[in-house]
Structures are given as structure tokens and as C-alpha cells.
Amino acid sequence: MARLHTIMFLGHGSMSQRTCCSGLVALSLLLLWPLNTLAEWYQQEAAIMGTSINVELWHDDAEQGRALTQSVMDEMQRIDDLMSTYKPTSELSYINAHAADGPVAVSTELLSLIIRALDYSVITDGAFDITYASAGQYYDYRKGKKPTDLQLEEALPAINYRHVKIDPQRSTIEFLQDGVRIDLGGIAKGYAVDRSMEILRLAGVENAIVSAGGDSRVIGKHLDRPWNVGIRNPRDRHSIVSMIPLENAAISTSGDYERYFEEDGIRYHHILNPGTGKSPHEVYSSSIIGSVATDTDALSTSVFVLGVQRGLQLINTLPDTEAVIIDNQGQMHYSAGLARIQ
Ligand code: ADP
Ligand code: MG
């Protein structure tokens, strides 16, 4: 089960990073040292899936430690090759090009993730919807491009997860309407983090962190303490508003500051309300803590769209799941399980 330790708020004097040893502790560390010389942290960083991937793991074999950090990168690359809408050769691009013409055969892996995404559409009452891309395809945040009124008007009827028909027996997918496009950007990074962590666990790793942009999962500890994952100040890239200590848990943050442009005082960012095809503005960021990153990823995007009240209402019904939401006034809101330990 996911374990969440008391949250530490920066600026409130409880930072646990201070390293001070009494002489006695230092001596005993010294005595232990020869036993531990072989075990070390292995770390690797790379840019994959349009984001920064980071892995750190504790291993007692240098060659294996390095090979395992590389296998995480390989797994991230494999999933990106399968699911990216930016790659015309990906399986997902093939679906988008052909599923409106009739059922298309899909790999079990991709189908399972699409089914999980559709389940999230049901529990979020459509706030999480991979067909958002029917309108989302017209945005280009780097170039400051958004859909015209006409494009948006035509795309809106295509946004509806019910247009996606799955046949699990035949392993096929079909779009029941023209103009439907799907994109797994709101769940695929979390999935890739979970898959990578599974590779590490099967290889016997007991202490590790894997992150893909705002989605992280940890197992075990970091130097005998829980891992600390920061929640960024949504209006200042360089500052952290709170540190979340975690063991065997996942955390995802969705924010309006990752990919966006501004025009006439309006921020157009990469999370869209499926009802309007436009970016919601009620919150700056939503962070979800849970057991696995596939779920926290889908939920962080969902809660961003749902807003403070409906978002917390949903999270409070889910077991082992907590939320920290920063609204558009910079105010922080907590799910019931976190509010209890404040
Ligand atoms: P990040 O990609 O920065 O980790 P998120 O996990 O919040 O951020 O996911 C944002 C991505 O989710 C967008 O880039 C887009 O691909 C996808 N997305 C946007 N709006 C929705 C939505 N309403 N439902 C499902 N996916 C969405
Ligand atoms: Mg997400």
C-alpha cells in the first residue's frame, strides 16, 4: 500500500535535509562503510516523450546498475514509439488515421491502456477524455497556434469517449464518428513510469525513483529516508511550495505552466475541457498521490479539469488517493486524508 508521510511545507522550518551527525553516529557509519562499499546510486537522465526522464536506483553491481538505468530509458522510448501522436509510424497514429473507416486491430498493450483511459472518462463524468484531441490537434503551443472558431465548432461533436468502440474479444478499436482523434498524453507517461518500475522490481531493485516530467513513482527509500518529491510553485519555476515524502507510491502533477502561450491576457495551455475544447482556468495545478503512476497521471489531468470542489469530491471517494490543488489565487486545497494530517 502507498505510504504517505507528513507533508513538509517549505518555509515552515521542517526541512529534513539537514545532515548533521554526532561523533558517535559518524564513527558507526565509518565502521559500516566497508560492508557497503559495493552498493551505490546509479542515475540517468534523458529527453524522451517530449519531457525529461530521470531514474535513480540503488544497486550493488555497477554493470547491472547502469544497465538497469538504460533499460528504463529503452522502455520509455519503446512506449513513445508505440503511443506518440507526433510519430506517423506509431500504432496510435495508425489508429487515428484508420479507425473512423472501420475496426482496426490493436496490440493488447495499447488496447488495455485505452480501456483504462475510457474507464477514467466514466468515473470523471467525461472530464478525462482521450478524444479531447479531436480539438487538441489544432493547438500548437510552441507556435502560439489555436483552432479557429469554425474548427472548434466542427471538432466539438467529435469529442466524446462514447465514440470509441472497443471489441476486447477481437482486440479492435473503431471510431463511430468522423473527425475523432485520440491522444494518450494524459496517461501514457504515468504508464511508462509504472512499466519501468516493474522492470526494476523484477530485476530485484528495492530502492528507486523513476520520473517522466510531472509523473513519478518511488519504491523503498532514499538513504534510509522516504523519497521527497516537490510540488512546484506554479508561478515560479525555481521554487517548491511543498515537499511530499513518499515510500512505495506515485505522484503526478498537472499544471497550466508546462506548455502554453498567452494571447490577449488569456493563457492557452495543454489541458483542455472536453466540453469546450478550451483550457480551464480554475486551478494552476493539481497533484495526485496514489499507488501507481498510471492512475495518478490520469487523475491529475482529470482533477485539473474538474476544479477544486468536484476534483476533491472525486478524490475523496477513491481509496489510497490524495490530492493537493493550487487554485488560481495561489490557495492550496487538500483531500480529506491530507487535511487530517495538517
Ligand atoms: P504533462 O503532459 O505535462 O505530464 P498532464 O499529465 O496533465 O501533463 O497531461 C496533459 C496532457 O493530457 C496534454 O498534453 C494532452 O495530451 C492530454 N489532455 C489534455 N486535456 C485532456 C483531457 N481533458 N482528458 C485527457 N487527456 C487530456
Ligand atoms: Mg496527467
Engineer: Name the one of V106, V104, L110 that satisfies side-chain contact (heavy atoms from CB on, under 4.5 Å) with Y94?
Structural biologist: V104
Engineer: Is V229 reachable from V72 through a run of I, L, V, M, F, W or Y residues, each pair having side-chain heavy atoms under 4.5 Å apart?
Structural biologist: no
Engineer: Identify whether the distance between the nearest side-chain nitrogen and carboxylate oxygen of R310 and E282 falls below 4.0 Å.
Structural biologist: no
Engineer: List the atom of F304, the atom of V283, and the distance in Å for their closest heavy-atom pair.
Structural biologist: CZ-O, 3.3 Å
Engineer: Using the side-chain contact (heavy atoms from CB on, under 4.5 Å) rule, take S254 and I271 through it: C-alpha gap first, then chi angles, then the decisive distance, then the call.
Structural biologist: CA-CA 8 Å; S254 293; I271 300 170; 3.7 Å; yes
Engineer: Hey, is CD on E206 packed in by over 12 heavy atoms from elsewhere, all under 6.0 Å?
Structural biologist: no
Engineer: With the threshold set at 4.0 Å, does a side-chain nitrogen-carboxylate oxygen contact exist between E198 and R195?
Structural biologist: no
Engineer: Just by distance, with hydrogens left out, do D327 and H333 show a side-chain donor and acceptor under 3.5 Å apart?
Structural biologist: yes
Engineer: Does one side chain, of T131 or S134, offer a donor that lies under 3.5 Å from an acceptor on the other?
Structural biologist: no
Engineer: Please check if the side chain of S300 supplies one atom and the backbone of D297 the other of a donor-acceptor pair under 3.5 Å.
Structural biologist: yes
Engineer: Determine, for R235 against D256, whether the closest basic-nitrogen to carboxylate-oxygen distance falls under 4.0 angstrom.
Structural biologist: yes
Engineer: A quick test of your reading: do over 12 heavy atoms of other residues, nucleotides or ligands sit less than 6.0 Å from CG of D119?
Structural biologist: yes
